[in-house]
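Since we're looking at a predicted model, the values are computed, not measured. Because only heavy atoms are used, hydrogens play no part in the values below, and waters and symmetry mates are left out as well, while side chains stay in. Each chain gets a letter, A, B and so on, in the order its sequence line appears, and its residues count up from 1.
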There are 2 protein chains.
Amino acid sequence: MADLTDHQAAAWTSYQRMRVRLSGVLGRELARTTGLSEADFDVLVAVHERPDDSVRALALRCGLEWEKSRLSHQLRRMEQRGLITRETCEEDSRGSVVRLTPRGRELACEARKHYDEAVQRYVMDSLTPEQLSALAEIADTLLDRIEITHK
Amino acid sequence: MADLTDHQAAAWTSYQRMRVRLSGVLGRELARTTGLSEADFDVLVAVHERPDDSVRALALRCGLEWEKSRLSHQLRRMEQRGLITRETCEEDSRGSVVRLTPRGRELACEARKHYDEAVQRYVMDSLTPEQLSALAEIADTLLDRIEITHK
DNA sequence: CCAGGCTAGTTGATACGTCAACCTTGTCGT
DNA sequence: ACGACAAGGTTGACGTATCAACTAGCCTGG
């Protein structure tokens with residue numbers, strides 16, 4: 001197996017730096033404007049997308065592609081801060097149903113607004129339509145690749 | 001400020017999924033083959049690139065673009081595991097100098113090999129040269145953008 | 001129907017990251 | 001020369017991520 005070429009290594013470095021910086025600024029933007037972490041945000045948005053602002057924990061877990069213990073810890077903290085509630089599930093009493101509190105709903109909307117605006121500002125405003133399409137295509141290609149070699 | 005278009009939102013989602021999956025597989029690859037975390041790896045490689053396998057903590061911090069407390073915590077853990085040592089700096093007794101232990105050096109080389117091979121396998125093998133160049137250009141564009149709006 | 005295994009979720013331990021407070025040492029203006 | 005301030009690092013507290021072990025409810029073959 002040959003080493004990476006200089007060109008490849010440079011591209012990889014740029015990607016890594018971009019990745020770190022980007023989640024840095026987006027995360028700080030969220031924290032500053034709403035006091036939420038990205039994990040909080042992901043959960044709130046995912047739940048808010050469901051009818052009734054409530055969803056089975058299992059479905060949430062699959063949608064987010066999170067470890068079950070990660071979700072469990074995160075939900076515990078969010079419940080303590082009054083963003084969500086947890087009830088035991090009707091159909092399967094092993095399961096639990098997550099529901100947004102009014103405060104959770106409010107923050108979800110607020111955060112979504114700020115977040116999208118930041119993505120617009122930091123990403124969409126800088127890339128040409130061709131670049132954006134190229135990025136999507138690259139991402140989907142790599143996702144397929146990972147999927148395949150890991151199944 | 002207009003909402004993101006469907007196309008933009010889809011591209012962003014793909015990027016996010018790719019980002020998460022990719023660091024997931026690369027991280028697990030490192031852990032499996034060498035027992036190192038990505039943080040360990042970044043430090044070991046950065047130090048190993050220096051003459052004498054040693055470097056001023058400050059320089060390391062700048063190179064990695066890490067918070068100072070992050071580096072401090074990380075170095076403490078790595079010192080405990082026998083990967084590095086810390087001595088007080090000659091020229092400036094506030095500072096400290098990080099040095100690889102033999103074991104640290106060995107792991108740095110081993111890990112570098114596995115990591116590059118994984119990048120090759122998961123990324124380079126799937127992308128056309130055009131896609132790779134496009135990715136690098138996108139990353140550099142966004143890095144500039146973040147740099148500018150944040151200075 | 002019931003024993004084994006499977007599944008949903010929780011818990012505890014440990015590692016990682018960030019923030020703010022702190023300590024020590026250098027530096028610079030006066 | 002000295003006092004204030006800045007810089008390099010450490011520490012503690014807290015939130016976050018992962019792994020492994022566990023609990024409890026469901027389901028299926030015999």
Next item on the list: Rounded off to whole Å, could you give me the CH2-to-P distance for the Trp66(B) and dC16(C) pair?
Entry: 9 Å
Next item on the list: State whether Arg86(A) places a side-chain N or O below 4.0 Å from either non-bridging phosphate oxygen (OP1 or OP2) of dT10(C).
Entry: yes
Item checked: d(CD, Gln74(A); P, dG15(D)) in whole Å -> 11 Å
Notebook entry, point to check: Among the nucleotides dC16(C), dA17(D), dG26(C), which one has an atom lying closest to any side-chain atom of Ala39(A)?
Noted result: dA17(D)
Margin query: Can you identify which nucleotide, out of dA8(C), dC26(D), dG8(D), has its nearest atom closest to the Leu58(B) side chain?
Written below: dG8(D)
Next item on the list: Would you name the heavy atoms of Glu29(A) and Ala118(A) that are closest together and state the gap between them?
Entry: CG-CB, 3.9 Å
Check: Could you give the CG-to-P distance, from Leu64(B) to dG9(D), as a whole number of Å?
Finding: 13 Å
Check: Where the side chain of Arg77(B) is defined as all heavy atoms beyond and including C-beta, which of dT25(C), dA17(D), dC16(C) is the nearest nucleotide?
Finding: dC16(C)
Note to self: Assess the residue pair Val98(A) and Glu87(A) against the criterion (side chain to side chain contact (heavy atoms under 4.5 Å, CB included)); give the C-alpha distance rounded to whole Å, side-chain angles, the decisive distance to 0.1 Å, and a yes or no.
What the structure shows: CA-CA 7 Å; Val98(A) 182; Glu87(A) 319 148 20; over 6 Å; no
Item checked: Nearest-angstrom distance from the residue atom CZ of Arg81(B) to P of dT14(C) -> 14 Å
Next item on the list: In whole angstrom, give the distance that lies between atom CD of Gln80(A) and atom P of dT10(C).
Entry: 13 Å
Notebook entry, point to check: In terms of side-chain heavy atoms of Arg94(A), which of dG25(D), dC19(C), dG9(C) is nearest?
Noted result: dG25(D)
Notebook entry, point to check: Are the charged groups of Arg145(B) and Asp125(A) less than 4.0 angstrom apart, N to O?
Noted result: yes
Next item on the list: In whole angstrom, give the distance that lies between atom CZ of Arg28(A) and atom C1' of dT18(C).
Entry: 10 Å
Check: Which sits closer to the 5' end of DNA chain D, Ser72(B) or Arg76(A), going by the nucleotide each is nearest to?
Finding: Ser72(B)
Notebook entry, point to check: Can you check whether Ser37(B) has a side-chain N or O nearer than 4.0 Å to OP1 or OP2 of dA15(C)?
Noted result: no
Check: So what does Ser69(A) touch, heavy atoms closer than 4.0 Å: a base, only the sugar-phosphate, or nothing?
Finding: base
Check: Lys68(B) NZ to dT24(C) C1': how many Å, rounded?
Finding: 12 Å
Check: Which of the following nucleotides, dC19(D), dG8(D), dT18(C), is nearest to the side chain of Arg70(B)?
Finding: dT18(C)
Notebook entry, point to check: Rounded to whole angstroms, how far apart are CG on Leu71(A) and P on dT10(C)?
Noted result: 8 Å
Margin query: Here's a test of your reading of the structure: between Arg56(B) and His73(A), which maps to the more 5' nucleotide of DNA chain D?
Written below: Arg56(B)
Check: Under 6.0 Å from the CD atom of Glu90(A), do we count more than 12 heavy atoms belonging to anything else shown?
Finding: no
Margin query: Testing Leu36(B), Asp40(B), Thr101(B), Leu100(B) one by one against Leu107(B) for a side chain to side chain contact (heavy atoms under 4.5 Å, CB included), which residue passes?
Written below: Leu36(B)
